[in-house]
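In listed order, ligands and their atoms are each counted from 1. Keep in mind that the numbers below use all heavy atoms, side chains included, and drop hydrogens, waters and symmetry copies.
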Amino acid sequence: MSSRILVTGGLGFIGSHTVVALQEKGHEVVIIDNLSNSSIDVLAGITKISQKTPAFENIDLRNKNEVKEFFEKYPDIEGVIHFAASKAVGESVENPLLYYENNLSSLIYLLQELQQKDNAYFIFSSSCTVYGQADTLPITENAPVKKAESPYGNTKQIGEEILTDTAKINKNFKAISLRYFNPVGAHPSAEIGELPIGTPQNLIPFITQTAIGKRKELSVFGDDYPTEDGTCIRDYIHVIDLAKAHVVALERLQQNREKTNFEVFNLGTGKGSSVLEVINSFERSTGEKLPYKIVGRREGDIVAAYADTKKANEELGWKTEKHLDEALKSAWDWQKEVVRREKEDN
Ligand SMILES: NC(=O)c1ccc[n+]([C@@H]2O[C@H](COP(=O)([O-])OP(=O)(O)OC[C@H]3O[C@@H](n4cnc5c(N)ncnc54)[C@H](O)[C@@H]3O)[C@@H](O)[C@H]2O)c1
């Protein structure tokens, strides 16, 4: 089935892999991205992998008029996968209004346009951060949403509330919120991957930048947590598996298979890995030695989070296929490619 899908933030990390997955299944894609955290080169990477260049519009979704004009230009948009957002937790604490404006106004403007359609569907990028330190593990979708620890986390909670309220009054509008655990890895071709600007906030880009010599060593924040080896535990999901889940979720709505017009699914592997296990997996899968040291705990880190994947497996009909080793190997191949391109540019 072919349909026109808008992917906002489609040149970003998860968005670009999802555009590839959509095009591989025959969907017509239009990307909106303002390049605030991505590069136009990603379009070439997507094209190389899927042998198809998606339509691209350089629009800032905070501009209500431009969003309106976009929907006038593309009246056949049926569905939106909304990745565009600012995502750095620390930066959101420093600059909360930037985060509330970017993450919420873009959402509202898109929904205002979709509301005018007879049939529209929407996939929202949410996060396991809404659960905070959950009381029980693995975390199910019914676990209480805890008070957000950062403005970034709050934008995801408010975003879900906006969708709940919108779906309540408009039965023609259907939405799915996907709560990602920890997306990692890159496309196996090393044509696209994660492009952190500045010092990476996430573990995997920090690991690959350390292994390649851009950073001296990795700091492991705390080895005295109540876990088997004392380091924090997260659920690392390969971005390829994650991207496929978006296609499955979109087709669920297209084919009217949803149970209610607003649904929530966890996207994770269901398996928690400690920081030391990730380091071991990286060294095993790449043959590289990673310099690291144990330092004190970092404020705000939760001890452990991993998904209960039953609902996604059984109701959505999706499950992860890739192992952490494979994700880390792909992240490493991508890191080497980034450095090769940097050298070429100099
Ligand atoms: N990467 C993660 O660890 C993670 C975890 C949970 C949830 N998420 C969410 O998933 C989504 C995608 O994350 P990502 O890692 O791919 O991030 P990313 O920064 O790589 O991609 C986001 C893209 O959106 C674009 N963008 C941002 N603001 C925009 C605006 N106002 N108008 C147009 N384009 C805009 C950026 O240029 C970028 O290309 C985000 O909503 C993020 O909050 C990410």
**Student:** Any salt bridge between Glu344 and Arg340, counting N to O under 4.0 Å?
**Tutor:**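 Looking at Glu344 and Arg340, the cut-off is met.
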**Student:** Can you check whether Tyr109 reaches Leu61 side chain to side chain, under 4.5 Å on heavy atoms?
**Tutor:**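 Not touching, per the 4.5 Å side-chain cut-off.
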**Student:** What are the atoms of ligand 1, with element, lying closer than 4.0 Å to any heavy atom of Ser127?
**Tutor:** 6 (C), 7 (C)
**Student:** May I ask you to identify, for Ser126, whether its side chain, its backbone, both or neither come under 4.0 Å of ligand 1 on a heavy-atom basis?
**Tutor:**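 The answer is the backbone.
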**Student:** Relative to ligand 1, is Lys156 under 4.0 angstrom through side chain, backbone, both or neither, heavy atoms considered?
**Tutor:**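 Lys156 to ligand 1: side-chain contact only, backbone stays beyond 4.0 Å.
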**Student:** Using the six-membered ring wherever Trp is involved, compare the ring planes of Tyr152 and Tyr99 and label them parallel, tilted or perpendicular (cut-offs 30° and 60°).
**Tutor:** perpendicular
**Student:** For Tyr292, look at atom OH and say whether over 12 heavy atoms of other residues, nucleotides or ligands are found less than 6.0 Å away.
**Tutor:**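 12 or below, so no.
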**Student:** Would you mind listing which atoms of ligand 1 come within a distance below 4.0 Å of any non-hydrogen atom of Asp60?
**Tutor:**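 This gives 30 (C), 31 (N), 32 (N) as the contact atoms.
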**Student:** Check each atom of ligand 1 against the heavy atoms of Leu35 and keep those under 4.0 Å away; list them by number with element.
**Tutor:**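 Taking each heavy atom of Leu35 in turn, ligand 1 has 37 (O) under 4.0 Å.
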**Student:** Under the criterion salt bridge (charged side-chain N to carboxylate O under 4.0 Å, His left out), I'd like the reasoning laid out for Glu78 against Lys117: C-alpha separation, chi angles, the key distance, then a yes or no.
**Tutor:** CA-CA 8 Å; Glu78 288 182 24; Lys117 291 182 179 282; over 6 Å; no
**Student:** Under 4.0 Å from a heavy atom of Ile59: give me the atoms of ligand 1 that qualify, with their elements.
**Tutor:** 32 (N), 33 (C)
**Student:** Within a distance under 4.0 Å of any heavy atom of Ser38, pick out the atoms of ligand 1 and give their elements.
**Tutor:**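 Matching atoms, with element in brackets: 37 (O), 38 (C), 39 (O).
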